[in-house]
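Let me begin by presenting the structure, written as structure tokens, before commenting on it.
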Number of protein chains: 2
Amino acid sequence: MIDDTKIRDYIISPNLSGEDLTQEVAGVDQLGNRIDVSVIEERPLTIFLNNQEIVTAMTIGDYPEYLALGFLRNQKMLSNKDKVDAIDFDAELNSIVIRTKRKTNYEDKLKKKTQTSGCAVGTVFGDIMDGIDGLKISAISTKVSHLYSLSSKINRTPSLYLKAGAIHGTILCHQDKPLVYMEDVGRHNAVDKIAGWIFDTGTNPRDKILYTTGRLTSEMVIKTALMQIPVLVSRSGFTAWGVNIAKQVGITLIGRLRGQRFICLSGESKLIWDVDLSQIKNVAK
Amino acid sequence: MIDDTKIRDYIISPNLSGEDLTQEVAGVDQLGNRIDVSVIEERPLTIFLNNQEIVTAMTIGDYPEYLALGFLRNQKMLSNKDKVDAIDFDAELNSIVIRTKRKTNYEDKLKKKTQTSGCAVGTVFGDIMDGIDGLKISAISTKVSHLYSLSSKINRTPSLYLKAGAIHGTILCHQDKPLVYMEDVGRHNAVDKIAGWIFDTGTNPRDKILYTTGRLTSEMVIKTALMQIPVLVSRSGFTAWGVNIAKQVGITLIGRLRGQRFICLSGESKLIWDVDLSQIKNVAK
């Protein structure tokens, strides 16, 4: 049994009170009846690092500071050594400026970006593959019962997805507790917001689990590796390259987690089978 | 009743015989049993326009020529006036070069890209919004019975999605017939392949319907507008900006098409209600 009170332990839960995040749109249904439908907002946010324009992201618009910080971190334009002096968000101009004490290495990065901008997966491909060369994540053990608890809690958490659809969620978890639940129109944005939150709060990522509603593509696995999170879990499926990278860096990769079913394609030796298998067998047909 | 033989009328159907498109990966299921799972391939494809490297896309790898042509078309780096002289695909280097007779305007485009590269939705944001300013699509009427036929045929078509999951499909249709079925890890790639096929074959887009398994985001609607296709249909949901752009350019926008349910949020006056509503009422609860 899941303890319902625990779901309320989120440090950040989905932003249901944010009035600007959904919009009522008038249309018709299959019977020709007039209906009003809640749809997700999607707006540009232009991210600057000091004086340099870096990228325009399409986002629902919440937590712009975490999105900007996380994007720059996951692009390796901001390192642990960079001290963020100020963050200036301008809601009217849809822009945010991250200001650092010393000059960052973004100019070199931006030059590289011009050459290989891998827009197709939402990130700078050439750059980011460099970033995981030789990277090794310290593995942690994961209880199967925790996977089931997380899945159940997350699926029952009121979210923008349940309200309006067309949105991805990424949730930072510790053991069987979801801690920070971010949503966005792009799954990479939701992950970047988590990265920004970790960077901003100085939270230790090395004992955490990252849960995503999106697919386990190379991009998702690479971002998880850059964030030093050892376990990545999804209700969706895998790509072959995502699996290869997870094996290479040592990430435990679990996909197709629905009900009591799941598949583990990397790091299965780190799973602790603490659930009565005969019980699962009855449900997992 | 759907005539099964019609499903075989595809000009291009999903690439199930493509050996390189999926991979068997060993893992464990929720019982700890060893299993082999089909997962989708994902590999980089670097697109060149003449001597200039433009982008590295993550793709399953089929139809690289259509992906490259369609990407450049939808980025407005190739226009109707540009004559493609040669297409050189190198499978070992994961690269493809589109060669044109005269110099294209890509250098200006690339300069703009450096400034505003909107990786977050997989396309060059600053550029692409310019492209739809003042654009108007000639509306066509759409029969509701055709929407149901298309949905049923497409859902029952053997696909990489049904085989391995974690992939999006985009299907070019005419009336109640699906014609060209493209799949890819990114939904924008699947759409770009359709754009490339249209460009390469000189097919008239103005009487077509585009069906996508993905969400109706601003990017999807903009690409559809640039392709001059008047109707965009999805089993998934909407974003508010996607709806706004569809209204602005005059695209009929239908989402959440599942079974006999759907929602139309733009162009509903162009729907022809040729289905017995009392029959639908019984199913659409």
Side-chain angles (χ1 to χ4, degrees), chain A residues 23 25 27-32 35 37 39-44 53 55-59 110 113-126 144 164-166 185-186 188-189 215-219 236-243 260-265 268 273 277 280-281 284, chain B residues 23 25 27-32 35 37 39-44 53 55-59 110 113-126 144 164-166 185-186 188-189 215-219 236-243 260-265 268 273 277 280-281 284:
Chain A
Q23 199 180 108
V25 177
V28 299
D29 67 9
Q30 69 278 356
L31 302 171
I35 47 163
V37 186
V39 297
I40 286 292
E41 279 290 353
E42 185 193 12
R43 49 174 67 93
E53 181 176 332
V55 76
T56 298
M58 298 300 300
T59 170
L110 203 68
K113 186 169 173 232
T114 314
Q115 301 300 316
T116 59
S117 180
C119 285
V121 288
T123 45
V124 182
F125 167 77
V144 168
V185 280
H188 41 273
N189 288 345
R215 294 168 292 155
L216 300 166
T217 60
S218 59
E219 181 194 26
S236 297
F238 307 84
T239 70
W241 205 15
V243 175
Q260 294 195 289
R261 291 188 163 192
F262 67 82
I263 290 168
C264 177
L265 293 185
E268 55 263 37
W273 302 88
L277 292 185
I280 299 178
K281 226 172 233 166
Chain B
Q23 199 181 109
V25 177
V28 300
D29 68 8
Q30 69 279 356
L31 302 172
I35 47 165
V37 186
V39 297
I40 286 294
E41 279 290 353
E42 184 193 11
R43 48 174 67 91
E53 182 177 332
V55 77
T56 298
M58 298 302 300
T59 170
L110 202 68
K113 187 171 174 236
T114 315
Q115 302 300 316
T116 59
S117 180
C119 284
V121 286
T123 46
V124 182
F125 168 76
V144 168
V185 279
H188 42 273
N189 288 344
R215 294 168 292 155
L216 300 166
T217 60
S218 59
E219 180 194 27
S236 298
F238 307 84
T239 69
W241 206 15
V243 175
Q260 293 194 289
R261 290 189 164 192
F262 67 82
I263 290 168
C264 177
L265 292 185
E268 55 262 38
W273 302 88
L277 292 185
I280 299 176
K281 226 170 234 167

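Every chain is numbered from 1 and lettered A, B, ... according to where its sequence line falls, protein lines coming before strand lines.
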- prompt: Heavy-atom distance under 4.5 Å to chain B: side chain of A/Gln23, backbone, both or neither?
  reply: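 It is the side chain, since no backbone atom gets that close.
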Interchain contact, [X] with chain A, by part (heavy-atom threshold 4.5 Å):
X: B/Leu216; answer: neither
X: B/Val28; answer: both
X: B/Thr239; answer: both
X: B/Val25; answer: both

A/Arg215 side chain vs B/Val185 backbone, donor-acceptor pair below 3.5 Å: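 Side chain of A/Arg215 to backbone of B/Val185: a pair is present.
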- prompt: Can any side-chain N or O of A/Glu42 pair as donor or acceptor with the backbone N or O of B/Ser218 at less than 3.5 Å?
  reply: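 Yes, A/Glu42 side chain to B/Ser218 backbone: donor-acceptor pair under 3.5 Å.
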Indicate the atoms forming the closest heavy-atom contact of [X] with [Y], along with that distance.
X: A/Glu268; Y: B/Gly27; answer: OE2-CA, 4.3 Å
X: A/Ala166; Y: B/Gly237; answer: CB-C, 3.9 Å
X: B/Val39; Y: A/Phe238; answer: CG1-CB, 3.8 Å

query: How many angstroms lie between atom CD of B/Gln260 and atom CG of A/Asp29, to the nearest 0.5 angstrom?
result: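 Between atom CD of B/Gln260 and atom CG of A/Asp29 there are 12.5 Å.
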